[in-house]
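Quick note: numbers below take in every heavy atom, side chains included, and nothing from hydrogens, waters or symmetry partners.
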Amino acid sequence: SAKDMKHRLGFLLQKSDSCDYSSSQSKKEKISSSQRLSQEEVRKWADSLENLIHHDRGLAAFRAFLKSEYSEENIEFWVSCEEYKKTKSPAKLSPKARKIYDEFISVQATKEVNLDSCTREKTSHNMLEPTLSCFDEAQRKIFTLMEKDSYRRFLKSPYYLDLVSPPGAGCGPENCNRNHTHSLDCNSNIISQCA
């Protein structure tokens, strides 16, 4: 309703005066951590896919981008493999390996990744006696696929471009502009970037 909208706008304007850009705790956390992300760090993501996915915020941005393209299974598989390699207990290897295989590699996998038949066969064979490296080849193939394809599109997408040169540049707490219209625009940009 109009009354609701007026209340929300008033609330946003009130918040912008104090340079507090959030209307909820989770948005506040996302925004404050976004403000700590330096432009230099974001620019490094363009150097390599490795730089991007080994940075928590980069991984989150890339994951959001892949989700928008309906191909998040690739990064989920890659992350699952990274987690799997950290398995300490030999007793946990087999059940964890089976879970990854069933979710990403088997023919009936719910989030099947795009692997050639040779790599799929080799990975299936590795499942007979799972080791920490049983998914290495499949993980490498998926990394290469992402690197050559979705990573390049990510670098041209708003998911990256809005972070490397935010539309609200200069609107952070250090440069808070008290002009209500500008502050409102700035808030919207920051919130939409981080949501």
Side-chain angles (χ1 to χ4, degrees), residues 22-31 33-34 37 39 41-87 95-127 130 133-168 187-195:
S22 64
S23 58
S24 72
Q25 190 58 35
S26 68
K27 280 185 182 174
K28 186 175 182 177
E29 288 167 12
K30 286 179 184 176
I31 289 164
S33 54
S34 167
L37 185 62
Q39 292 297 298
E41 286 175 303
V42 175
R43 282 189 195 99
K44 283 181 186 172
W45 299 349
D47 293 343
S48 71
L49 176 58
E50 220 163 281
N51 284 359
L52 174 69
I53 60 181
H54 282 99
H55 190 284
D56 288 343
R57 294 241 156 246
L59 179 62
F62 189 53
R63 185 177 261 159
F65 169 72
L66 290 177
K67 197 169 192 166
S68 78
E69 291 201 330
Y70 304 101
S71 63
E72 68 266 29
E73 70 278 354
N74 292 326
I75 195 66
E76 287 178 21
F77 172 68
W78 186 88
V79 169
S80 295
C81 290
E82 288 298 292
E83 289 298 313
Y84 175 77
K85 290 183 214 175
K86 296 174 189 169
T87 305
K96 281 185 172 185
R98 177 55 54 193
K99 184 176 188 285
I100 292 171
Y101 181 83
D102 290 344
E103 191 173 0
F104 299 103
I105 296 172
S106 81
V107 181
Q108 296 89 19
T110 53
K111 300 175 182 177
E112 187 179 351
V113 291
N114 189 5
L115 291 171
D116 59 89
S117 58
C118 188
T119 306
R120 193 177 300 277
E121 235 173 79
K122 186 175 182 181
T123 307
S124 296
H125 182 73
N126 291 344
M127 295 305 296
S133 62
C134 68
F135 295 109
D136 283 1
E137 190 176 334
Q139 186 185 20
R140 242 187 328 274
K141 297 268 179 158
I142 293 303
F143 180 89
T144 303
L145 182 73
M146 290 190 297
E147 189 175 41
K148 289 180 176 176
D149 189 32
S150 45
Y151 171 62
R152 291 178 183 176
R153 285 195 310 278
F154 169 77
L155 294 177
K156 296 174 185 169
S157 77
Y159 290 87
Y160 178 70
L161 297 176
D162 285 355
L163 288 171
V164 81
S165 58
N187 286 337
S188 304
N189 288 335
I190 290 171
I191 289 168
S192 65
Q193 279 177 36
C194 302

**OP:** Could you pull out the closest heavy-atom pair between A61 and L163, with the gap in Å?
**Re:** CB-CD1, 4.2 Å
**OP:** Locate the shortest heavy-atom distance separating S150 from F62; write the atom from each residue and the value.
**Re:** OG-CZ, 3.9 Å
Original post:
Under a 4.5 Å cut-off applied to non-hydrogen side-chain atoms, are S71 and E73 in contact?
Top reply: yes
Original post:
Is the closest basic N to carboxylate O distance between E72 and R63 below 4.0 Å?
Top reply: no
Original post:
Can you say whether the rings of F77 and F135 are parallel (under 30°), tilted (30 to 60°) or perpendicular (over 60°)?
Top reply: perpendicular
**OP:** Using ring pair (Phe, Tyr, Trp, His ring centres under 6.0 Å) as the criterion, list what pairs up with Y101, not counting sequence neighbours.
**Re:** none
Subject >> Side-chain touch L59/L52, heavy atoms, less than 4.5 angstrom >> reply: no
Original post:
Under 3.5 Å, is there a donor-acceptor pair between the side chain of H125 and the main chain of E121?
Top reply: no
**OP:** List the atom of A138, the atom of T123, and the distance in Å for their closest heavy-atom pair.
**Re:** CB-OG1, 3.7 Å
**OP:** Taking atom CD of E69 as the centre, report whether more than 12 heavy atoms of other residues, nucleotides or ligands fall under 6.0 Å from it.
**Re:** yes
**OP:** For N51 and W45, indicate whether the former's side chain and the latter's backbone hold a donor-acceptor pair under 3.5 Å.
**Re:** no
Original post:
How long is the span from the CD1 atom in I100 to the CD1 atom in I105, to the nearest 0.5 Å?
Top reply: 8.0 Å
For residues 142-149, dump all side-chain donor-acceptor pairs below 3.5 Å to protein atoms at least two apart in sequence or in another chain.
unit_1, atom_1, unit_2, atom_2, d
T144, OG1, R140, O, 2.9
D149, OD1, R153, NH1, 2.5
D149, OD2, R153, NH1, 3.4

Original post:
Does K85 come within less than 4.0 Å of E82, counting only side-chain N to carboxylate O?
Top reply: yes
Original post:
Atom CZ of R152 and atom CG of L49: how far apart are they, to the nearest 0.5 Å?
Top reply: 11.0 Å
Original post:
Do the side chains of F104 and L115 get nearer than 4.5 Å, heavy atoms only?
Top reply: no
Subject >> Heavy atoms of other groups near D116 CG, more than 12 under 6.0 Å >> reply: yes
Subject >> Minimum heavy-atom distance P130-Y84, with the two atoms named >> reply: CB-OH, 3.6 Å
Original post:
Do Q139 side-chain atoms and W78 backbone N/O form a donor-acceptor pair below 3.5 Å?
Top reply: yes
Subject >> Short N-O contact, E112 and R120, less than 4.0 angstrom >> reply: yes
Original post:
Is P158 close to F65 at the side-chain level, that is, under 4.5 Å between some pair of heavy atoms?
Top reply: no
Subject >> K111 and E103 ion-paired at < 4.0 Å >> reply: yes
Original post:
Could you give the distance from OG (S80) to CD (E83), rounded to the nearest 0.5 Å?
Top reply: 8.0 Å
Original post:
Does the side chain of Y160 come within less than 4.5 Å of V42's, by heavy atoms?
Top reply: yes
Subject >> Main-chain N/O of D136 paired to S133 side chain as donor or acceptor, under 3.5 Å >> reply: no
